[in-house]
Amino acid sequence: MTKIERRFLLLALGLAVGLRLIGINSREIQYDDAFSVFLARQNFGNIIQGTAADTMPPLYYFLLHFWQQLSSELGFLRLLSVILSLVGWMIAVDLCRKMFGSQTAVIGGFLLAFSPLQIYHSQDIRMYALLMTGQLAYYWFFYRIFEENNFETKCWIGLIISGIIAMYSHALAGFGLVLGNFFLFWKKRWKDQIRLIRAQLWIGAAYLPWAIYLPGQIAKVQHAFW
């Protein structure tokens, strides 16, 4: 990466930070935000019960529980999602650099910095920024392993942990994690497919304690939402 590209990337990062902080104290709180705040104030047992009765896994609420110990100001509560969004931004930019080169990484950095959807969800007191970061990290490690042929244990651990983070962030995260399987199937890389499935079995095993709540959550969505 050239010196000019680094400067442009720093500019994109500065814009990403600035745009995600605009109105962070003045944006009105909505129902889902309030639900997150009140649930995260509970102990871990009540958080698990509350999320089991709702539609999402509990990881974000655990993080917000500790975050609220520092401050309960609205802007500070939104700052957790801002930080997670910026971590996702950095992972996405580096993944672009690995896949397509530094110029594309700079363009991608600006697009993500200006994206209204990214800005909106970076201020949500919800799990969406955490989900994005977990899934992007999963594919960052996926690329390291299957495209850069880095089969070190730390890469596999990173892939598994990232997948677990995504799965415990959002009920539909699994649909994003299987895209790598379709890619390997399309490329007819059967050995790599088996390797990936083995790693996914570890993710699935870690998710099993929560999977028992899925039928009830799906039923609630079908009857209460749709």
May I ask you to check whether over 12 heavy atoms, not counting those of Phe100, lie within 6.0 Å of atom CZ? no
Are Glu28 and Arg78 ion-paired here, with the side-chain N under 4.0 Å from a carboxylate O? no
Angle between ring planes, Phe44 versus Phe66, binned at 30° and 60°: parallel, tilted or perpendicular? perpendicular
What pair of heavy atoms forms the shortest contact from Leu59 to Ile165, and how long is it? CD2-O, 3.7 Å
So CD1 of Ile212 and OH of Tyr207: to nearest 0.5 Å the spacing works out to 11.0 Å
Kindly say whether the aromatic ring centers of Trp190 and Phe185 come within a distance under 6.0 Å. yes
How about Glu147 and Phe183: do any of their side-chain heavy atoms sit closer than 4.5 Å? yes
Rounded to the nearest 0.5 angstrom, the CZ-SG distance for Phe141 and Cys155 is 6.5 Å
Whether Arg144 and Asp94 form a salt bridge (side-chain N of Lys/Arg under 4.0 Å from carboxylate O of Asp/Glu) is what I want to check. no
Any donor-acceptor pair under 3.5 Å from Gln123 side chain to Ile22 backbone: yes
Point-to-point distance, once rounded to the nearest 0.5 Å, from CG of Leu19 to OG of Ser122: 9.0 Å
Aromatic ring proximity, centroids under 6.0 angstrom, Phe142 and Tyr139: yes
Parallel, tilted or perpendicular: rings of Trp210 and Tyr213 (30°, 60°): tilted
The reported gap from CZ in Arg126 to CG in Leu64 (rounded to nearest 0.5 angstrom) is 10.0 Å
Look only at the side chain of His65 and the backbone of Gln42, and say whether a donor-acceptor pair between them is shorter than 3.5 Å. yes
Test your reading of the model: is there a side-chain donor-acceptor pair from Glu5 to the backbone of Thr2, 3.5 Å cut-off? yes
Arg27 to Tyr120 six-membered ring, cation-pi geometry met (6.0 Å, 45°): yes
